[in-house]
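Report on one structure; see the data block that follows.
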Amino acid sequence: MENTETRKPRFRLGTGDRVVAIAVIALIVLSTALGVLQRMNLALIEGQITLLLPLLVLGLLLGWGISALVRRIRSRAVRVAVGVLLGLALFILALFAFSYASFVASMTLPRRYSTMTSPSGSKKLVVLRRLDGDEDRVNARRAARLKADPDADGEITVDDWGYVYTAAPQVARFFYRSDADVEGEVAMGYASKATLMLEWAEDERQARFYLENPGVAEGGEMVVKF
């Protein structure tokens, strides 16, 4: 009699598995590259991406794991039921995670407001703004609003909040120099009627930002040097 050996089936990645694996590796490489650039003082203008990339990797890995688990179920009815339930749970979790990450990013990270070019076109500045967390300015705007309209909502509203503006030289369209020589900052209310103004030096090695017609708890000056 001939001895026969039972061969175990080899583990093989399907087309979908390979696509997910490549996507995960690419996102990890991208996230690592952005971290290296950050250490080199090149910050991503759309900074929220740095928070969302790890969540995207985690979501892909969880989805991959769910897919592998569902494919092991032999009963088609059970497989469909489990797949729908786990897929729905993953969708709700991802929705919550991305919403929370976006909220944190909007509260803590500066975002692009505008891009300004010097008169000669040789210099570019990206103007960034973040939520103004200064309670004194928020309360001052609230007091001014209630003084103008005593019947208005006494609680702090969105009109009482504001932004703090800063700027930095733009690099390669998607980045700005986080180590830029910047002095001062400009504060403006959310419902402000003021105008953010920019004044370039003659040699374009310096740009000055200020507010025209500032309101209550608004103002400041910012100088960016190249």
Side-chain angles (χ1 to χ4, degrees), residues 6-115 126-133 138 155-164 166 168 170-176 178 190:
T6 303
R7 294 184 179 180
K8 294 182 179 180
R10 291 185 299 176
F11 177 74
R12 292 183 179 180
L13 290 176
T15 302
D17 296 319
R18 287 194 292 269
V19 170
V20 173
I22 292 172
V24 168
I25 293 172
L27 290 173
I28 291 175
V29 170
L30 177 59
S31 184
T32 302
L34 291 176
V36 171
L37 291 173
Q38 180 70 50
R39 290 180 176 273
M40 296 170 62
N41 298 313
L42 290 177
L44 195 64
I45 294 175
E46 303 297 336
Q48 67 274 15
I49 292 177
T50 59
L51 290 180
L52 298 179
L53 279 177
L55 290 177
L56 186 56
V57 170
L58 181 59
L60 284 173
L61 290 175
L62 288 175
W64 196 6
I66 289 174
S67 175
L69 176 64
V70 169
R71 282 179 290 175
R72 284 181 168 272
I73 300 175
R74 294 185 176 181
S75 171
R76 186 176 184 279
V78 175
R79 185 167 63 247
V80 171
V82 172
V84 170
L85 289 176
L86 292 180
L88 181 61
L90 179 61
F91 173 77
I92 294 174
L93 179 62
L95 186 63
F96 173 79
F98 278 95
S99 298
Y100 181 73
S102 297
F103 171 75
V104 171
S106 67
M107 296 290 289
T108 59
L109 297 177
R111 289 196 171 189
R112 183 205 297 265
Y113 172 70
S114 179
T115 301
V126 56
V127 184
L128 304 160
R129 69 181 184 183
R130 69 178 188 275
L131 194 65
D132 185 4
V138 173
E155 298 295 326
I156 292 177
T157 67
V158 66
D159 289 343
D160 302 326
W161 288 94
Y163 296 103
V164 172
T166 187
Q170 182 174 319
V171 180
R173 187 175 180 180
F174 300 107
F175 301 90
Y176 67 91
S178 58
Y190 179 80

With a 4.5 Å cut-off on side-chain heavy atoms, are [Y] and [X] touching?
X    : Y    : result
L109 : L51  : yes
L56  : F98  : yes
I66  : L69  : no
W161 : V138 : yes
Y190 : L131 : no
Y176 : V171 : no

**Study point:** Where at least one partner belongs to residues 46-67, residue pairs that pass salt bridge (charged side-chain N to carboxylate O under 4.0 Å, His left out), sequence neighbours excluded
**Key:**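 Listed once each, the pairs are E46-R112.
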Exercise: identify the closest heavy-atom pair between [X] and [Y]:
X    : Y    : value
F175 : L44  : CE2-CD1, 3.6 Å
T115 : Q170 : CG2-OE1, 3.2 Å
R130 : P110 : CB-CA, 4.0 Å
G47  : T50  : O-OG1, 2.6 Å

Review point. Distance-only, no hydrogens or angles: does the S67 side chain make a donor-acceptor pair with backbone N or O of G63 under 3.5 Å?
Key: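 No; judged by distance alone, with no hydrogens or angles, the pair does not exist.
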Exercise for review: Mind checking side-chain hydrogen bond (donor to acceptor under 3.5 Å, both in side chains) for S106 and listing every partner two or more places apart, or none if nothing turns up?
Suggested key: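 Here no residue qualifies.
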**Study point:** Geometric cation-pi criterion R129 and Y113, 6.0 Å radius, 45° cone
**Key:**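 The answer is no; the distance or angle limit is not met.
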Review point. Hey, mind stepping through D160 and T157 against side chain to side chain contact (heavy atoms under 4.5 Å, CB included) and telling me if it holds?
Key: CA-CA 6 Å; D160 302 326; T157 67; 3.5 Å; yes
Point to revise | Between CZ on residue F103 and CD on residue Q48, distance to nearest 0.5 Å | key: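 Nearest 0.5 Å value for the CZ-CD distance: 14.5 Å.
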